[in-house]
2 protein chains.
Amino acid sequence: MAFSPLVDELVESLRCLPGVGQKTAQRMAFHLLERARSGGVRLSDALSNAMEGVRRCESCQNFSDTEVCGICDNPARSNGTLCVVESPSDLLAIEQAGDYKGSYFVLMGHLSPIDGVGPEEIGIERLLRRVGEDGVTELILATNPTVEGEATAHYISDRLDGSGILITRLAHGIPVGGELGYVDGFTLTHAFRGRKPLLD
Amino acid sequence: MAFSPLVDELVESLRCLPGVGQKTAQRMAFHLLERARSGGVRLSDALSNAMEGVRRCESCQNFSDTEVCGICDNPARSNGTLCVVESPSDLLAIEQAGDYKGSYFVLMGHLSPIDGVGPEEIGIERLLRRVGEDGVTELILATNPTVEGEATAHYISDRLDGSGILITRLAHGIPVGGELGYVDGFTLTHAFRGRKPLLD
Ligand SMILES: [Zn+2]
Ligand SMILES: [Zn+2]
């Protein structure tokens, strides 16, 4: 844009958001400049604070503002049941369903050898250590019902073979091939209550 | 989110972007945190600089980093031809078509009595002053081919009745009811070249 290097840079920067192309970035920039400058300033501060301050929880790998996150740090949450999810949005969906009161472990991905994502990249050793140290009696493998999610669940289950820990998988109710983060709370609660031991 | 007030605030702030709801804001926040932290920092800076530094050009009303924008300030652009558009994205579409070398006036809207937008809100007096002072010989009314855009064009044309200035409207080629900002450059160039005097 010949008329403003500041607007140019704003449009260009907005394109780092997922699903935002040139036209959408322009529309967003003009909207902020015309009608939502205070919103733009607030977003600038929130971005700067989050990019600087958000790290990984040392216990569950989820995003956290502190060394150990609020869920891991909550004495009211049972450590005996550990729920393994792929992403923070999956954790969030389960939290919003409101029924589960155990702990979590967030893989931040799933096994995907073709993309170079192996057990180390998703923190499997850390998970196994935590299972051993925290006296976990049940491990709920709530990875997505996709090919990669299933493979990841089976890998973890194999690694814990003979450990005596009950390993479960969420019950039917989640649409096959769907994304856990998009399931409504009611379905999710049912899937939790109907979870079953993993069978080979 | 129980796990991070910083992430909460980021998600909430992203919702000031047009078309971004809760789920999309979450997806954007997690994407930035997981894979694009430097992009997030860059966006934070760009937002802060633009919200603070972008103002309106005193001559054409378009967004500008300086008192008078780069287009108004360019001696190679003819002041004799003035093109009136509704928004910066319309101006941008015409600039990207590359054929037009005159000046612009950006209304930042169109007449819409039902929304309380009258001649004053879109700078009609400033436009008429500029037309008088700059020795404009042709005024191209490139408002959108919508009901409000047509009404705005007719209003401006009426106000200049008897001034001896040639008043034109873009030629056929723009889809009726469409948004000028979404027309391809080729069509736009043709519409410019085929512009015709406004007939009542
Ligand atoms: Zn944690
Ligand atoms: Zn200007």
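Chain naming here is simple, since letters A, B, ... match the order of the sequence lines and numbering starts at 1 in each. Everything numeric here is computed off the predicted structure, so don't read it as measured data.
- Options B:Asn62, B:Val41, B:Thr66 differ in how many heavy-atom pairs under 4.5 Å they form with chain A, and the most are formed by B:Asn62.
- In the hydrophobic cluster analysis, where Ile, Leu, Val, Met, Phe, Trp and Tyr join through side-chain heavy atoms closer than 4.5 angstrom, A:Leu139 is grouped apart from A:Leu166.
- Between B:Ser44 and A:Ser44, the closest side-chain pair of non-hydrogen atoms falls below 4.5 Å.
- Comment: A:Glu52 does not engage B:Arg37 in a salt bridge, judged by the lack of any side-chain N to carboxylate O separation of less than 4.0 angstrom.
- Considering SG of B:Cys16 and CE of A:Met28, their distance stands at 9.0 Å, rounded to 0.5 Å.
- B:Leu10 places a side-chain heavy atom less than 4.5 Å from the side chain of A:Met51.
- In this structure, the side chains of B:Phe30 and A:Ser89 come closer than 4.5 Å at one or more pairs of heavy atoms.
- How far CG of B:Leu43 is from OG of A:Ser48: 11.0 Å, rounded to the nearest 0.5 Å.
- In this structure, A:Glu12 does not pair ionically with B:Arg42, as no charged nitrogen and carboxylate oxygen lie closer than 4.0 Å.
- Considering only heavy atoms from C-beta on, A:Glu9 stays 4.5 Å or farther from B:Asn49 through its side chain.
- Counting heavy-atom pairs closer than 4.5 Å to chain A, the top residue among B:Arg56, B:Lys23, B:Arg27, B:Arg15 is B:Lys23.
- Taking the side chain as every heavy atom from C-beta outward, B:Leu32 and A:Leu17 approach each other to under 4.5 Å.
- Side-chain atoms of A:Pro88 and B:Glu34, non-hydrogen and from C-beta on, do get closer than 4.5 Å to each other.
- Taking CG of B:Asp45 as the reference point, atom CG of A:Leu47 lies at 9.5 Å (rounded to 0.5 Å).
- Between chain A and the options B:Gly39, B:Pro18, B:Ala46, the largest number of non-hydrogen pairs under 4.5 Å is found for B:Pro18.
- At a heavy-atom separation below 4.5 angstrom, chain A is approached by B:Met108 within residues 107-122 of chain B.
- Counting all heavy atoms, side chain and backbone alike, B:Val54 lies closest to A:Ser4 at CG2-OG, 4.1 Å.
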